[in-house]
Amino acid sequence: MGTSHVDVAALQDGFAGRVLLPGDDGYDRHRSVWNAMVDRRPAVIARCAGRDDVAAAVRFGRDHGLDIGVLCGGHSILGLPVAEGGLMIDLSPMDAVRVDPAARRAWVQGGALLGALDRATQPYGLATTAGNVSHTGVGGLTLGGGMGWLARRYGLSCDNVASFEMVTADGAVVRADATENADLFWGLRGGGGNFGVVTEFEFRLHQVGTQALLVDLYFPPEDAAGVLSGWRDLIGDAPRSATFTAWVGRTEDWPHLPPALHDRPLAAVGYVWVGDPDEGRRLLPALRDLGSPVAEHVRDLSYLDLQTMDDTVEGHRHRRYWKGHYFGEFPDDAVRAFLARGAADTDADTDADAACLPAAGLQAYGGAIADVADDETAFSHRGTLVEFVAAARWSDPAEDADRMAAARRYAASLEPFAAGVYVNALTDEGEPGVRRAYPREKLARLTALKNRWDPDNVFRLNHNIPPTARD
Ligand code: FAD
């Protein structure tokens with residue numbers, strides 16, 4: 001496959017963006033992604049300025065037999081777009097967002113980050129469903145589904161896409177919406193980057209105002225099982241403006257916790273409310289009735305602050321490994337496994353083992369997510385009660401194996417209760433992971449779509465849906 005000596009003259013001719021080769025100024029910066037474990041060296045980075053650049057890059061990559069990766073925010077945990085020895089189509093210069101407040105629509109280029117979308121819509125009190133960390137890419141998040149604090153009210157990010165503009169594997173530009181290329185429109189809402197390069201998303205916007213409320217009640221993990229079961233039982237009746245959350249892990253020197261609670265294992269239950277905070281506070285008594293927390297964090301904040309509050313803790317340049325599950329039910333045994341964080345045997349654990357245990361979060365689904373029939377979009381498992389993500393973060397490469405083993409052990413302890421996984425939470429599960437993300441009939445339909453739109457599997461650096469092999 002490709003080497004570091006690809007002749008890029010043909011690509012550079014008429015290319016409006018910048019083509020970077022190993023050794024060029026900026027090459028190392030632009031091959032770096034969110035997860036510091038990713039250290040791959042593309043032969044060519046094509047920093048595209050528009051859809052014509054994207055089309056030229058796709059054709060160039062194919063002509064030269066290069067593996068092609070497509071980069072938006074660079075937040076896929078494995079850094080999928082960074083093609084070792086291949087071509088990385090870097091969409092990040094394509095980050096424009098145009099808003100029509102009267103029509104409640106936003107047109108978002110394929111390389112934009114979530115923060116750009118939120119910042120462009122919030123001056124009008126508008127928003128659409130986006131993820132919880134503003135430096136995540138609109139591209140990867142939306143194509144895989146797109147879970148966020150507005151999803152229970154307005155559906156996933158992908159449910160709010162009115163149309164896509166896409167560059168195909170042949171370098172043609174097509175549009176997909178409910179009537180034009182409707183098969184592709186179905187597949188792009190949850191099927192990931194398997195079918196082409198999306199150069200523009202058209203989103204529906206909603207009048208959500210600018211206010212939000214954050215609630216977290218903290219408990220020692222050993223006292224939290226009953227609380228967490230009670231929290232789970234409240235999810236079914238929760239208003240759609242509320243997204244229930246839970247967390248377990250080791251605290252840091254967070255200013256919202258007293259110093260005595262820094263650097264110790266804790267669990268939290270709570271919710272995020274988008275809208276009038278006083279209305280959101282009405283849910284608090286039900287949560288407080290579950291037990292006596294060691295600390296409470298209840299905070300009014302702007303929607304924009306909500307959307308950026310985890311930007312630092314979820315920042316770049318750390319080593320990372322994630323494991324995810326979807327749960328249709330979350331029985332008490334799952335609650336206990338969640339709180340144990342995959343510790344093999346608590347009594348036998350050494351401090352070093354305990355320090356390796358990942359933190360994990362739960363986020364409630366339901367509401368508008370479940371209003372959409374499961375076969376309406378490629379996104380699957382709409383009946384999910386809660387999503388689980390175990391997120392390991394560390395900095396010393398010597399800890400890589402232990403950290404990843406601990407996260408795998410944790411996920412394995414919960415797997416018996418799980419019913420699938422979110423494609424955007426997959427890491428190195430490979431084909432079995434893709435089969436967990438999409439039920440069999442969905443995968444058959446996605447494969448047929450792949451056969452039609454990308455029969456040569458040009459777009460394979462993703463959670464891949466391979467085409468049917470041709471004779
Ligand atoms: P990239 O690594 O740039 O892209 C990932 C893949 O997406 C690429 O390999 C490509 O196949 C495809 N792709 C990206 N853009 C395009 C495009 N324009 N056209 C075609 N293909 C494209 N998910 C949620 O649903 N909700 C959350 O709140 C959430 N929070 C997160 C927070 C953090 C800190 C992280 C790291 C991830 C989070 N995720 C969340 C998961 C996230 O949705 C995925 O990691 C997603 O892949 C990130 O998209 P990206 O564009 O940043 O990634």
Side-chain angles (χ1 to χ4, degrees), residues 30 32-36 38 48 51 54 58 67-83 86 88-92 94-95 108-115 129-151 156-159 161 164-169 176 184 187-188 190-201 243 245 272 306-316 318 320-322 324 326 361 363 365 369 379 387 389 391 393 421-427 453-454 458-465:
H30 291 296
S32 305
V33 287
W34 176 78
N35 184 350
V38 180
C48 298
R51 67 184 191 193
V54 174
V58 170
D67 279 342
I68 297 176
V70 178
L71 178 83
C72 177
H75 278 43
S76 54
I77 315 305
L78 293 187
L80 295 165
V82 192
M88 181 160 85
I89 297 182
D90 178 0
L91 301 176
S92 59
M94 295 169 56
D95 60 355
V108 181
Q109 279 191 302
L113 304 185
L114 299 178
T129 306
N132 309 346
V133 173
S134 81
H135 43 72
T136 312
V138 171
L141 178 126
T142 305
L143 291 167
M147 176 59 189
W149 305 127
L150 294 175
L156 300 165
S157 305
C158 72
D159 297 330
V161 179
F164 300 88
E165 178 189 82
M166 190 191 87
V167 171
T168 68
L184 186 61
L188 289 173
N194 272 285
F195 307 107
V197 185
V198 174
T199 45
E200 189 174 83
F201 298 83
T243 306
T245 57
V272 165
L306 172 71
Q307 291 293 88
T308 52
M309 69 181 183
D310 288 333
D311 278 11
T312 304
V313 75
E314 294 296 346
H316 296 71
H318 298 280
R320 308 275 189 169
Y321 188 69
W322 283 20
Y326 274 153
Q363 193 171 359
Y365 275 48
I369 304 167
F379 178 85
E387 180 193 349
V389 173
R393 184 190 73 181
V421 65
Y422 178 26
V423 71
N424 276 347
L426 286 174
T427 52
W453 289 95
D454 185 19
V458 170
F459 302 109
R460 59 178 170 272
L461 296 183
N462 43 40
H463 296 297
N464 197 229
I465 297 160

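Only a predicted model underlies this, so the values are computations on that prediction, with no experimental measurement involved. Whatever order the structure lists them in is the order used to number ligands and atoms, beginning at 1. The figures that follow rest on heavy atoms only: side chains count, while hydrogens, waters and symmetry mates do not.
Heavy-atom minimum distance, Val58 versus Ile89: CG2-CD1, 3.7 Å. Nearest heavy-atom pair across Ser134 and Asp311 is OG-OD2, 2.5 Å. Nearest heavy-atom pair across Gly190 and Val423 is O-CG1, 4.0 Å. Ala112 and Cys72 make their closest contact through O-SG, 3.4 Å (heavy atoms, listed as atom of the first residue, atom of the second, distance). Residues Thr243 and Gln363 share a closest heavy-atom pair of CG2-CG, 3.8 Å. Residues Val82 and Val33 share a closest heavy-atom pair of CG2-CG1, 3.7 Å.
On a distance-only criterion, Trp322 and ligand 1 share no N/O pair closer than 3.5 Å. Checking only distances, Ser76 does come within under 3.5 Å of ligand 1, N or O to N or O. In terms of N/O distances under 3.5 Å, ligand 1 is approached by Gly110. By the 3.5 Å distance cut-off applied to N or O atoms, Phe201 is not counted among the residues near ligand 1. The N/O atoms of Leu71, backbone and side chain alike, include none that comes under 3.5 Å of an N/O atom in ligand 1. On a distance-only criterion, Gly148 and ligand 1 share no N/O pair closer than 3.5 Å.
Regarding atom 52 (O) of ligand 1, its nearest protein heavy-atom neighbour is Gly137 N, 2.9 Å. Atom 49 (O) of ligand 1 has as its closest protein heavy atom Gly140 CA, 3.2 Å. From the protein, the heavy atom lying nearest to atom 50 (P) of ligand 1 is Gly73 N, 3.6 Å. Atom 45 (O) of ligand 1 has its closest protein heavy atom at His75 O, 2.9 Å. The protein heavy atom nearest to atom 10 (C) of ligand 1 is Val70 O, 3.6 Å. Protein heavy atom at the shortest distance from atom 12 (C) of ligand 1 is Gly193 CA, 4.1 Å. Protein heavy atom nearest atom 23 (N) of ligand 1, with residue, atom name and distance: Leu141 CD1, 3.4 Å. From the protein, the heavy atom lying nearest to atom 1 (P) of ligand 1 is Gly74 N, 3.4 Å.
Counting the atoms of ligand 1 from 1 in the order shown, those under 4.0 Å from a heavy atom of Leu91 are 17 (C), 18 (N). Proximity to Gly131 (heavy-atom distance under 4.0 Å) selects the following atoms of ligand 1: 26 (N), 27 (C), 28 (O). Within ligand 1, the atoms closer than 4.0 Å to a non-hydrogen atom of Gly146 are 25 (O), numbered from 1 in the order shown. Counting the atoms of ligand 1 from 1 in the order shown, those under 4.0 Å from a heavy atom of Tyr422 are 23 (N), 24 (C), 25 (O). Residue Asn462 approaches ligand 1 through these ligand atoms, each under 4.0 Å from one of its heavy atoms: 11 (O). Every atom of ligand 1 is numbered from 1 in the order shown, and the set under 4.0 Å from a heavy atom of Leu80 is 9 (O). Close contacts of ligand 1 with Gly139, meaning ligand atoms under 4.0 Å from a residue heavy atom, involve 14 (C), 15 (N). Residue Asn132 approaches ligand 1 through these ligand atoms, each under 4.0 Å from one of its heavy atoms: 27 (C), 28 (O).
Not a single heavy atom of Gly69 sits closer than 4.0 Å to an atom of ligand 1. Note on ligand 1: Gly145 sits outside its first shell, no heavy atom being nearer than 4.0 Å. Ligand 1 is approached by Pro81 to a heavy-atom distance shorter than 4.0 Å.
Between His316 and His135, the ring planes are tilted. Angles from 30° to 60° get that label.
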Practice task
Evaluate side chain to side chain contact (heavy atoms under 4.5 Å, CB included) for Trp149 paired with Thr245, printing each intermediate quantity in order.
Solution key: CA-CA 10 Å; Trp149 305 127; Thr245 57; 3.6 Å; yes

Exercise for the section: Go through the steps to decide whether Phe164 and Leu143 satisfy the test side chain to side chain contact (heavy atoms under 4.5 Å, CB included), and finish with yes or no. Expected result: CA-CA 10 Å; Phe164 300 88; Leu143 291 167; 4.0 Å; yes

Practice task
Apply side chain to side chain contact (heavy atoms under 4.5 Å, CB included) to the pair Arg320 and Glu314, showing each step before the final yes or no.
Solution key: CA-CA 10 Å; Arg320 308 275 189 169; Glu314 294 296 346; 3.3 Å; yes

Exercise for the section: Take Val70 and Leu91 through the side chain to side chain contact (heavy atoms under 4.5 Å, CB included) test and state the conclusion after the steps. Expected result: CA-CA 7 Å; Val70 178; Leu91 301 176; 3.7 Å; yes

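Nearest-residue assignment for atom 43 (O) of ligand 1 (options Asp90, Asn424, Val197; heavy-atom criterion): Asn424.
Within the 4.0 Å heavy-atom criterion, neither part of Phe459 lies near ligand 1. Contacts between Leu143 and ligand 1 below 4.0 angstrom, taking non-hydrogen atoms only, involve the side chain exclusively. Only the side chain of Val133 comes within 4.0 Å of ligand 1, judged by heavy-atom distances.
To the nearest 0.5 Å, atoms NE2 (His30) and CG (Asp90) are separated by 7.0 Å. One finds the CG atom of Asp67 at 12.5 Å from the CZ atom of Phe459 (value rounded to the nearest 0.5 Å). Taken to the nearest 0.5 Å, the SG atom of Cys158 stands 10.0 Å off from the CG atom of Leu188.
Applying the salt bridge (Lys or Arg N to Asp or Glu O under 4.0 Å) rule to Glu387 yields no partners; only residues at least two apart in sequence or on another chain are considered.
Side-chain contact between Leu156 and Thr129: absent, with no pair of heavy atoms (C-beta onward) separated by less than 4.5 Å.
Counting only N and O atoms by type, the side chains of Thr199 and Glu165 include a donor and acceptor under 3.5 Å apart.
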